[in-house]
> 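This structure is in structure tokens; I'll ask about it shortly.
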Amino acid sequence: MKSLQDLKFVHVDRRVPLTPREVRRIKLCRKVEEQLRMAQAAAEGSVFNATRLKRVLDPSTGERVTKEVPKRMKPWWWQSESGRLCLSVRYGSKVIEVVKGRNAIEAANFHELIGVLETIRTAASSGDLDMQIDALFAPTGSKKTLGLPAARAKA
């Protein structure tokens, strides 16, 4: 039987919670990783099927069970009129302008597209895209009003 002298005691601080910026960075890295896997599958001529866990009600037993269901994913790339692949980096439904005034990255083929996605993944994980992500959440100015007259104070 072990005693307290046999245990190794250490001093460890609890993990500090993540900042909102770090949470956004992690979310973008996960999405870029999914797009990278989808591009690799498209280059090989196969289909990438991502899944997620969902809690559903089992009709036979009436209990909640966890099931793996397919995840709906849309590629961030498309073919331009010139025949080249264009990639827009997205955070949720919004397009991130990696370079001011430019909303897409051009690639010649899937091999080059995979390299672009790997570069984006590295930049996102190192924090190079934090300013662009923060710009999506910055207030865009004062709230617009309907132009109605201000309410009069009663005397």
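These numbers come from the heavy atoms of this one structure, side chains and all, not from hydrogens, waters or symmetry mates. Starting from 1, each residue takes its place in the sequence as its number.
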> Could you tell me if Lys31 sits above the aromatic ring of Tyr91, with its cationic atom closer than 6.0 Å to the ring centre and no more than 45 degrees from the axis?
no
> For the residue pair Phe110 and Ala42, what are the closest heavy atoms and their distance?
CE2-CB, 3.8 Å
> Is the closest side-chain heavy-atom distance between Val69 and Arg52 below 4.5 Å?
yes
> Identify the heavy atoms of Phe48 and Met38 that sit nearest to each other, and give their distance.
CB-CA, 3.8 Å
> Do the side chains of Leu87 and Met73 join up, straight or via other hydrophobic residues, at under 4.5 Å, putting them in one cluster?
yes
> Would you say the side chain of Arg21 lies within less than 4.5 Å of the side chain of Leu18, judging by non-hydrogen atoms?
no
> Can you measure from CG (Leu53) to NZ (Lys67) and round to the nearest 0.5 angstrom?
12.0 Å
> Of all the heavy-atom pairs spanning Trp76 and Val32, show the shortest one and how long it is.
CZ3-CG2, 3.8 Å
> As a quick check of understanding, evaluate side-chain contact (heavy atoms from CB on, under 4.5 Å) for Lys71 and Thr51, giving each step before the final call.
CA-CA 5 Å; Lys71 187 176 184 181; Thr51 59; 5.8 Å; no
> Is there a side-chain contact between Trp77 and Val116 in this structure, where contact means two heavy atoms from C-beta onward sitting under 4.5 Å apart?
no
> Is a side-chain N or O of Glu106 found less than 3.5 angstrom from the main chain of Arg84, in a donor-acceptor match?
no
> Tell me the closest heavy-atom pair linking Ala104 and Cys86, and the distance in Å.
CB-CB, 4.4 Å
> Give the minimum heavy-atom separation between Val95 and Arg90, together with the two atoms involved.
CG2-NH1, 3.1 Å
> From Asn109 CG over to Leu85 CG, what is the distance, rounded to the nearest 0.5 angstrom?
7.5 Å
> Does a side chain donor of either Thr61 or Glu63 reach within less than 3.5 Å of an acceptor in the other side chain?
no
> Taking Arg121 first and then Glu33, would you say they form a salt bridge - that is, a charged N and a carboxylate O separated by under 4.0 Å?
yes
> Can you confirm if the NZ or CZ of Arg24 lies within 45° of the ring axis of Phe137 and under 6.0 Å from the centre of its six-membered ring?
yes
> Does any N or O in the side chain of Glu22 come within less than 3.5 Å of the main-chain N or O of Thr19, such that one atom is a donor and the other an acceptor?
yes
> Are Arg25 and Asp130 packed together at the side-chain level, in the sense that at least one heavy-atom pair is separated by less than 4.5 angstrom?
yes
> What residue among Leu117, Ile114, Leu113 forms side chain to side chain contact (heavy atoms under 4.5 Å, CB included) with Gln40?
Ile114
> So, Arg30 and Glu34, do they make that salt bridge, N to O below 4.0 Å?
no
> Using side-chain contact (heavy atoms from CB on, under 4.5 Å), reason through Asn49 and Val47 one step at a time and then give a plain yes or no.
CA-CA 6 Å; Asn49 294 321; Val47 178; 3.6 Å; yes
> Is any side-chain heavy atom of Asp58 closer than 4.5 Å to one of Val56?
no
> Restricting to non-hydrogen atoms, name the atom on His11 and the atom on Asp13 that form the minimum distance, rounded to 0.1 Å.
NE2-OD1, 3.3 Å
> Starting at CD1 of Ile120, measure out to CG of Asp128 and round the result to the nearest 0.5 Å.
9.5 Å
> Roughly how far, to the nearest 0.5 Å, is CD of Glu112 from CD1 of Ile105?
11.0 Å
> Any heavy-atom pair between the side chains of Pro20 and Val23 that's under 4.5 Å?
no
> Compare all side-chain heavy atoms of Arg55 with those of Val65 and state whether any distance is below 4.5 angstrom.
no
> With a 3.5 Å distance limit and no angle check, can you tell me whether Glu97 reaches the backbone of Asn103 through a side-chain donor-acceptor pair?
no
